[in-house]
Amino acid sequence: MTGYKVANGNGSTNVTNGSTNGHSNGLSSAEYTAQENPTMCSRDCCSGPGGSNRGNTCTDKKGGKAGSLNGEKIIPTPQSLLYPYEVIEEIADFIVKGSGMRPKIGIICGSGLGSLADIIQDPKIFEYEKIPNFPVSTVEGHAGRLVVGTLEGATVMAMQGRFHFYEGYPLAKCSMPVRVMKLCGVEYLFATNAAGGINPRFAVGDIMLMHDHVNMLGFAGNSPLQGPNDPRFGPRFPALVNSYNKDLINKAIEIGKAMGIESNIHVGVYSCLGGPNYETIAELKALRMMGVDAVGMSTVHEVITARHCDMKVFAFSLITNKCATEYSDKKDDEANHEEVMAVAKTRQKACCELVARLIREIHLASA
Ligand SMILES: O=P(O)(O)O[C@H]1O[C@H](CO)[C@@H](O)[C@H]1O
């Protein structure tokens with residue numbers, strides 16, 4: 001039997017794939033492209049904002065797999081073309097007209113942190129389903145509403161529910177609302193998340209102010225900015241070294257002191273993995289060696305999108321669980337989403353106060 005060799009960790013093993021030439025079974029170039037890009041269909045149903053099946057493998061109108069054997073050419077849709085400027089503009093107009101407000105600060109509520117949007121006064125609420133071309137939230141703890149109103153005198157818009165890569169959405173779609181915020185008039189992005197603490201000094205319930213990130217999805221060649229660049233949003237090659245606004249970090253530290261929670265506030269590095277599985281011990285160990293303090297499955301692509309269009313960014317992680325980085329660590333330390341949300345609930349009040357006070361400072365400074 002003819003086969004090819006794959007490493008199995010102990011050396012290599014012969015496995016068969018039924019081929020006779022050392023490669024996989026022969027495929028035509030069209031079949032090969034279709035196999036390579038099962039999520040990349042150029043049809044309306046998949047790629048455009050009006051499509052019903054974006055981000056998933058589609059079935060064409062004839063019931064066959066797109067680009068498989070019906071002779072149609074597959075044209076991959078780069079991420080940046082999923083939501084052209086005009087579509088973002090349309091969504092932003094819908095929100096500005098519908099709310100009668102031009103928010104200055106955008107908030108993204110992390111898992112279990114939806115109450116950050118509940119403190120908004122005179123809220124105008126937009127269910128995601130009712131916003132044209134908006135995705136829907138599928139994760140528990142992410143309500144799926146956009147709340148526009150005022151907070152500490154500032155006009156704000158908050159996403160009560162974000163979009164994650166593991167839900168099946170491409171990164172550009174996950175962070176599309178950040179561009180909507182920009183075109184609504186938002187200058188500051190407040191991104192929050194629930195995260196696992198890798199830094200052994202972090203305790204459950206602590207808050208880590210993000211001062212940097214390690215973009216693991218980017219290491220793997222994925223970016224919300226992938227594809228042709230629209231300079232109306234920002235430059236082709238945005239720099240990210242000063243992504244997290246230092247003044248806002250310093251102000252948040254002062255606010256933490258004033259709140260009497262300085263020992264629960266840290267400054268650190270966040271990393272986003274694709275999820276939805278939580279990490280293995282070997283992965284967590286590797287992240288720690290890379291200088292990562294907290295790990296989650298969000299935020300980084302939102303920050304990249306925000307910096308690309310020159311928004312000021314403030315972000316924090318609520319540490320909802322401690323991650324095991326040694327095999328000898330307690331075996332019952334397994335992360336689970338129920339615990340993540342339960343811990344977030346117990347810290348909602350502190351997170352809301354921190355956000356409200358910081359927004360007050362921004363508002364007063366610009367008044
Ligand atoms: O990052 P947020 O949305 O806060 O959610 C975090 O919590 C979920 C896992 O419990 C993942 O979605 C992870 O990213």
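Both ligands and their constituent atoms are indexed starting at 1 by order of listing.
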Q. Quick check, are the ring centers of Tyr85 and Phe233 under 6.0 angstrom apart?
A. yes

Q.
For atom 3 (O) of ligand 1, what is the closest protein heavy atom, and at what distance to 0.1 Å?
A. His164 NE2, 2.7 Å

(Q) Please report whether ligand 1 has a polar contact with Thr299, defined as an N or O pair separated by less than 3.5 Å (distance criterion only). (A) no

Q) His308 versus Asn229: any side-chain heavy-atom pair under 4.5 Å? A) yes

Q. For Tyr166 and ligand 1, does the shortest N/O to N/O distance drop below 3.5 Å?
A. yes

(Q) List the residues meeting side-chain hydrogen bond (donor to acceptor under 3.5 Å, both in side chains) with Asp230, not counting sequence neighbours, and say none if there are none. (A) Arg232

Q: Look at atom 9 (C) of ligand 1 and say which protein heavy atom is nearest, naming residue and atom and giving the distance to 0.1 Å.
A: Tyr278 OH, 3.3 Å

Q.
As an exercise, identify every atom of ligand 1 less than 4.0 angstrom from a heavy atom of Val340.
A. 10 (O)

Q. What part of Met341, side chain, backbone, both or neither, has a heavy atom within less than 4.0 angstrom of ligand 1?
A. neither

Q: Write out all pairs satisfying side-chain hydrogen bond (donor to acceptor under 3.5 Å, both in side chains) with one or both partners inside residues 91-101, taking only residues at least two apart or from two chains.
A: none

(Q) Could you tell me if Ser366 and Lys104 have a donor-acceptor pair between their side chains, going purely by distance under 3.5 Å? (A) yes

**Q.** Protein heavy-atom partner closest to atom 1 (O) of ligand 1 - residue, atom, separation in Å
**A.** Ser298 OG, 2.5 Å

Q.
Looking only at the side chains, is there a donor atom on one of Glu334 and Asn321 sitting less than 3.5 Å from an acceptor on the other?
A. no

Q. Mind checking whether Gly296 has an N or O less than 3.5 Å away from an N or O of ligand 1?
A. no

Q. Among protein heavy atoms, which lies nearest atom 14 (O) of ligand 1, and at what distance?
A. Met297 N, 3.0 Å

Q. Which ligand 1 atoms does His142 reach within 4.0 Å, using its non-hydrogen atoms?
A. 3 (O)

Q: Return yes if a side-chain donor-acceptor contact under 3.5 Å exists between His301 and Asn215, otherwise no.
A: no

Q) Among side-chain atoms of Thr299 and Arg162, is any donor-acceptor pair under 3.5 angstrom? A) yes

Q) Going by the order shown, which atoms of ligand 1 are within less than 4.0 Å of some heavy atom of Gly110? A) 4 (O)

(Q) Would you say His266 and Asn199 are linked by a side-chain donor-acceptor pair, where the criterion is simply a distance under 3.5 Å? (A) no

Q.
When you compare ligand 1 with Asn193, is there at least one nitrogen or oxygen pair between them that comes in under 3.5 angstrom?
A. no

(Q) Below 3.5 Å, N or O to N or O, backbone or side chain included: is there any such pair between Ser111 and ligand 1? (A) yes

